[in-house]
Undergrad: 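This structure is in structure tokens; I'll ask about it shortly.
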Amino acid sequence: MYVDVDHDGAQETVMLLSCSPQGSDYKVLVFDRDTAGAIVTLGQVVGSAGSEGRQGTDIETIWQVQAGDGGQVRVDVGEYRPCCDMAQASQHQWRTYGWNGTAFAQTGGPTAFGPNPNITDVTVAAGKLTMTATGSGTWAGTLTVTVHNNAQFATPGKLRIAFGVPDTWTVQAVSGCTIQPDELPVPCLSGSIPAGGSKVFTLKVTAPAAPQQSEGSVYSSAQDDQGRGYPFRNNNVAPAKFQIVQG
């Protein structure tokens, strides 16, 4: 993109650069020519904070740049830096920057990111799982799980509930979600939960023998259509524990 950022009558080159070793980092740079015609860097318009930045607060993603009025540069920025199968949770925010003679400074647009609807904030509670012997030699029980959405927005994407029970056990959904049987720990997918709302999930669990494990875990998260997880508020990913007892 070409913009006369320094108002000298000649257009400078504005370039968005990205580096993606694990997650992506970004810089918006402006290039000019010196009196000998050599290409030189005029300055950095803005850059992402990278892995050392504060997710949800700092600029972590830059999508594109556009020419603004009067030689200014508009930049589309976001506040999350997805990595390692995480969903892109950033909000799009256009900010404007101008050359002040020595450096680029923000001249327009928001200066902070507001509440983000793509952040998960849920509380999980699970009842006791009482396993009872059946006539066929197996053991069976029913587990009830309640997920409460603490956020001011509906949970993003699909809700994912994963059950940490022994690999030899079978989990079947009775109500509330759809089991994904080929994954461990066994996940169950559901629609989103409204802001401040709760959803109850009931599952039937069977085991080939008397349970030896006295405790299990339930994890809840939200994911996009590609199965990539959305971030948690305050990195709160602690699972709910539940007792496994013989009836």
Side-chain angles (χ1 to χ4, degrees), residues 22-23 55 80 82-89 118-151 154-247:
Q22 197 173 37
Q55 300 277 324
Y80 280 89
C83 176
C84 312
D85 296 325
M86 294 300 294
Q88 174 56 271
N118 294 321
I119 307 306
T120 307
D121 185 5
V122 296
T123 302
V124 187
K128 182 185 296 184
L129 176 57
T130 302
M131 300 294 286
T132 305
T134 68
S136 61
T138 61
W139 290 68
T142 300
L143 178 65
T144 299
V145 177
T146 302
V147 181
H148 179 73
N149 179 16
N150 304 309
T155 55
K158 297 178 181 178
L159 193 70
R160 184 179 191 272
I161 307 97
F163 304 93
V165 295
D167 296 351
T168 56
W169 292 19
T170 300
V171 181
Q172 297 175 310
V174 177
S175 66
C177 59
T178 303
I179 288 290
Q180 311 297 302
D182 298 328
E183 299 181 41
L184 291 174
V186 178
C188 203
L189 297 183
S190 174
S192 67
I193 301 177
S198 298
K199 184 175 286 190
V200 178
F201 305 91
T202 306
L203 299 111
K204 181 180 179 181
V205 182
T206 57
Q212 302 298 312
Q213 184 172 317
S214 62
E215 190 176 73
S217 301
V218 181
Y219 303 81
S220 184
S221 59
Q223 65 182 45
D224 65 11
D225 291 338
Q226 285 73 49
R228 298 170 299 193
Y230 286 100
F232 289 85
R233 187 174 306 282
N234 300 324
N235 293 320
N236 180 19
V237 295
K241 301 290 185 179
F242 61 89
Q243 286 183 289
I244 302 174
V245 299
Q246 295 185 28

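Along the sequence shown, residues are numbered consecutively beginning with 1.
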Undergrad: Less than 4.5 Å apart, any side-chain heavy atom of Val145 and any of Val218?
TA: yes
Undergrad: If we ignore hydrogens and angles and just use 3.5 Å, is the side chain of Gln213 paired with the main-chain N or O of Pro211 as donor and acceptor?
TA: no
Undergrad: Provide the closest heavy-atom pair for Ala154 versus Ser192 in the form atom of the first, atom of the second, distance.
TA: CB-OG, 4.2 Å
Undergrad: Once you round to the nearest 0.5 Å, how far does CG of Leu189 lie from CD1 of Ile161?
TA: 7.5 Å
Undergrad: Quick one: closest heavy-atom pair of Ala240 and Val124, and the distance?
TA: CB-O, 3.3 Å
Undergrad: Which distance, rounded to the nearest 0.5 Å, do you find between the CZ of Arg160 and the OG1 of Thr120?
TA: 12.5 Å
Undergrad: Which atom names give the shortest non-hydrogen contact between Met131 and Ile244, and what distance separates them?
TA: CG-CG2, 4.1 Å
Undergrad: Report yes if some heavy atom in the side chain of Lys158 is under 4.5 Å from a heavy atom in the side chain of Asp225; otherwise report no.
TA: yes
Undergrad: Do the non-hydrogen side-chain atoms of Phe163 and Val205 ever get within less than 4.5 Å of each other?
TA: no
Undergrad: Between Ser220 and Leu159, is there a side-chain heavy-atom distance shorter than 4.5 Å?
TA: yes
Undergrad: At their closest point, which heavy atom of Pro156 faces which heavy atom of Ala222, and how far apart are they?
TA: O-CB, 3.2 Å
Undergrad: For the atom pair CD1 (Ile179) and CZ (Phe201), what is the distance rounded to the nearest 0.5 Å?
TA: 10.5 Å
Undergrad: Show, in sequence, the C-alpha distance, side-chain angles and deciding distance for His148 and Asn150, and conclude whether the side chain to side chain contact (heavy atoms under 4.5 Å, CB included) test is met.
TA: CA-CA 6 Å; His148 179 73; Asn150 304 309; 2.9 Å; yes
Undergrad: Of the non-hydrogen atoms in Ser217 and Pro239, which two are nearest, and what is the gap between them?
TA: CB-CB, 4.1 Å
Undergrad: Heavy atoms only: give me the nearest Pro231-Ala89 pair and the separation to one decimal.
TA: CD-CB, 3.5 Å
Undergrad: Can you find a heavy atom in the side chain of Val165 that is under 4.5 Å from one in the side chain of Phe242?
TA: yes
Undergrad: Is a side-chain donor-acceptor pair under 3.5 Å present for Lys204 with Thr142?
TA: no
Undergrad: Could you grab the distance from atom OG1 of Thr206 to atom CH2 of Trp139, nearest 0.5 Å is fine?
TA: 13.5 Å
Undergrad: How long is the gap from CD on Gln223 to CE on Met86, to the nearest 0.5 Å?
TA: 11.0 Å
Undergrad: Please confirm whether the backbone N or O of Ala125 pairs with a side-chain atom of Thr146, one donor and one acceptor, at under 3.5 Å?
TA: no
Undergrad: Could you check if a side-chain atom of Ile119 sits within less than 4.5 angstrom of a side-chain atom of Tyr80, using non-hydrogen atoms only?
TA: yes
Undergrad: Roughly how far, to the nearest 0.5 Å, is the NZ atom of Lys128 from the CG atom of Leu143?
TA: 12.5 Å
Undergrad: Tell me if a side-chain donor or acceptor on Asp224 pairs with a main-chain N or O of Gly157 at a distance below 3.5 Å.
TA: no
Undergrad: Is there side-chain contact between Ser190 and Lys199, with heavy atoms separated by less than 4.5 Å?
TA: yes
